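Because the structure is predicted, anything quoted here is derived from the model rather than measured.
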Amino acid sequence: MPEPEHLAGTHAGTHAGTGPQPSTAARPAVDAVQRRTMTVLVLTQIIGTVGVGVAPSIGILLAGAVTDNEAWAGVARTASTLGAALLGLPLGTLAARRGRRVALAGGWWTAAVGAAVLVAAAQWSLIVPLFGGLLLIGAGLAVSLQSRFAATDLAQPHHKARSLALIVWVGTLGSVLGPNLGVPGEIIGAATGLTVYASAFLIAALCLAVAGLVVWLWLRPDPLLFLEREAPAGLGGRQPGRIRQVLAELRVNRRARVAVIAILTAQIVMVGIMTMTPVHLTHHGGSITLVGITISMHIVGMYAPAPLVGLIADRYGHRPAITAGLGVLAASLLIGAMKPDDTGWTITSLILLGIGWSFVNVAASALFNAAVSTETRASSQGGVDALSNLFGATAAFASGPLLAVSSFSLLSIVALIVLIPLGVLMAGRTFTRQNA
């Protein structure tokens, strides 16, 4: 039977999308390690994303409260995303050199330090610790993203997209709870004298620290190191790739290039709109509770469809999933442009924004993992996450002034324009060919 088009072609001596594979005799042992790896990743993703999820809502509101200046608040809003961008590639390189366990645990603990710094920033309205804490907590976003790739290290070739999608999906619980830490924060604040914001970040710090501890204690054997030991000679994929190697591969590897463009497009659109929605809602009289619920529903949209996207990508190819996501993103932005003053429609738009992002991001991440060569895989994964967060931070920073001088409708229209190049690319005929 011919190989499906979306997996067609070879690269670096292996099937695109499979990477270095253990021998058939070793497969039962590999499957056992994969089950343990998935259990640990699922647990840490749930716990850790509680801490990460506090930044897109409470962190944004804290930035406005501490700085009391829209320009500085705009910079602060991008700090956690910028931190993820700055730390994504180093964490990917660390994984390539020392394995997933060291990189993931180190990232969660770095984020925990950031959340602890934000407790002080929130309690005493300290501007410099605010920026520093938000930068460091961005490490949690970076390792949360890296975890989805760690799930594919030992997965069966025809289950890689589903394994990746499962880790994205289980982040729903933590990411939904994170924006609502203001509620238990009020209870802790009443008992300790901490502000609501400080209490919320205290809970986040504890969750992030526990996530790092779980990885450090139980992600044994390390899936990336185990793969290197069990793969046939010459196919180990743990060599650390430098950024120039990654960029050189993107120049000649069209499938990887398409995947990166899709990931960056979805991230720019999603972050740009999502970052300013809490501000837009509060300008229209929305409370912190409404903001938290709205962001939570958006995050459900981001993560809940992931298993379906993984199934579609594994069974039918990456292109249908990416194209479907583009359609949902366009629908979301059209609603935002046409109904900006209606709270119900704004919430609907943000939910659709999350769903569209999920389809594009999960399918494109699976495509990237399938297309990139084994020699630079771990570093490349960190690199694409770093680029994604850098572009997201830029979009978040630019969206503030744009909203201030125009309207939420115009912001949505600009985001629609950003979708056009990817739409043209998806319409091209060569995407699923062997050289695509």
Task: Closest heavy-atom pair and its distance - Ala262, Val360 - done: O-CG1, 3.4 Å
- [ ] Take Ser147 and Leu104, measure what side-chain contact (heavy atoms from CB on, under 4.5 Å) needs, and give me the verdict at the end.
- [x] CA-CA 7 Å; Ser147 294; Leu104 295 179; 3.8 Å; yes
Task: Any side-chain heavy-atom pair of Pro305 and Phe359 under 4.5 Å - done: yes
- [ ] Could you tell me whether the side chain of Thr348 and the main chain of Gly344 form a donor-acceptor pair under 3.5 Å?
- [x] yes
Task: N/O donor-acceptor pair under 3.5 Å between Asn253 side chain and Ala371 backbone - done: yes
Task: Short side-chain to backbone donor-acceptor contact, Ser388 and Val384, under 3.5 Å - done: no
Task: Within-4.5 Å side-chain heavy-atom neighbours: Ile137 and Val52 - done: no
Task: Partner set under side chain to side chain donor-acceptor pair (under 3.5 Å) for Thr152, not counting sequence neighbours - done: Asn369
Open item on the list: Check whether Ser409 reaches the backbone of Ala337 with its side chain - one donor and one acceptor, N or O, closer than 3.5 Å.
Closed with: yes
TODO: Taking Arg148 for its side chain and Leu145 for its backbone only, find out whether a donor-acceptor pair lies under 3.5 Å.
DONE: yes
Task: Note, Leu141 side chain near Ser80 side chain (heavy atom, < 4.5 Å) - done: no
- [ ] Search all heavy atoms of Gly317 against all heavy atoms of Pro320 and return the closest pair with its distance.
- [x] O-CD, 3.3 Å
Open item on the list: Please check: side-chain N/O of Thr394 versus main-chain N/O of Leu390, any donor-acceptor pairing under 3.5 Å?
Closed with: yes
Task: Nearest heavy atoms of Ile46 and Val170, plus distance in Å - done: CG1-O, 3.4 Å
Task: Distance, nearest 0.5 Å, that separates NZ of Lys160 from CG of Asp314 - done: 10.0 Å
Task: Rounded distance [0.5 Å steps], CG in Leu41 versus CD in Gln34 - done: 8.0 Å
Open item on the list: For a quick test of reading the model, state the closest non-hydrogen atom pair linking Gln45 to Ser144 and the distance between them.
Closed with: NE2-OG, 3.0 Å
Task: Nearest heavy-atom neighbours spanning Ala142 and Ala84 - done: CB-O, 3.9 Å
Task: Close side-chain approach of Gln267 to Phe391, heavy-atom, < 4.5 Å - done: no
Task: Exercise: identify the closest heavy-atom pair between Gly107 and Val143 - done: CA-CG1, 3.4 Å
Task: From Ile273 atom CD1 to Ile268 atom CD1, the distance as rounded to the nearest 0.5 Å - done: 12.0 Å
TODO: Apply side-chain contact (heavy atoms from CB on, under 4.5 Å) to Phe201 and Leu62, showing your working.
DONE: CA-CA 11 Å; Phe201 280 108; Leu62 174 64; 3.6 Å; yes
TODO: Run the numbers on Ser349 and Lys339 for side-chain contact (heavy atoms from CB on, under 4.5 Å), then give the verdict.
DONE: CA-CA 9 Å; Ser349 173; Lys339 299 282 188 179; over 6 Å; no
Open item on the list: Closer than 3.5 angstrom, by distance alone: can the side chain of Ser332 be matched with the main-chain N or O of Val328 as a donor-acceptor pair?
Closed with: no
Open item on the list: As an exercise, state the distance from CG of Leu350 to CE of Met270, rounded to the nearest 0.5 Å.
Closed with: 9.5 Å
Open item on the list: Tell me if a side-chain donor or acceptor on Arg100 pairs with a main-chain N or O of Ala96 at a distance below 3.5 Å.
Closed with: no
Open item on the list: Using side-chain heavy atoms (C-beta onward) and a distance below 4.5 Å, is Gln146 in contact with Gln381?
Closed with: no
TODO: Check whether any side-chain N or O of Arg257 sits under 3.5 Å from a backbone N or O of Arg251 as a donor-acceptor pair, and report yes or no.
DONE: yes
Task: Derivation of the side-chain contact (heavy atoms from CB on, under 4.5 Å) call for Asp31 and Gln156 - done: CA-CA 8 Å; Asp31 289 342; Gln156 297 267 14; 3.7 Å; yes
Task: Separation of Leu352 CG from Ile355 CD1 (nearest 0.5 Å) - done: 5.5 Å
TODO: Taking the side chain as every heavy atom from C-beta outward, state whether Leu416 and Leu329 have any pair of such atoms under 4.5 Å apart.
DONE: no
Task: Distance, nearest 0.5 Å, that separates CG of Leu217 from CZ of Arg101 - done: 8.0 Å
Task: Listed partners of Phe408 passing ring-ring contact (aromatic ring centres under 6.0 Å, His included), at least two apart - done: His280
Open item on the list: Within the structure provided, determine whether Ile167 and Met38 are in side-chain contact (heavy-atom separation under 4.5 Å).
Closed with: yes
Task: Trp216 and Trp109 aromatic ring geometry - parallel, tilted or perpendicular at 30°/60° bounds - done: tilted
TODO: Could you tell me whether a side-chain N or O of Thr265 sits under 3.5 Å from a main-chain N or O of Ile261, the two making a donor and an acceptor?
DONE: yes
Task: 4.5 Å side-chain heavy-atom contact, Met426 and Val258 - done: yes
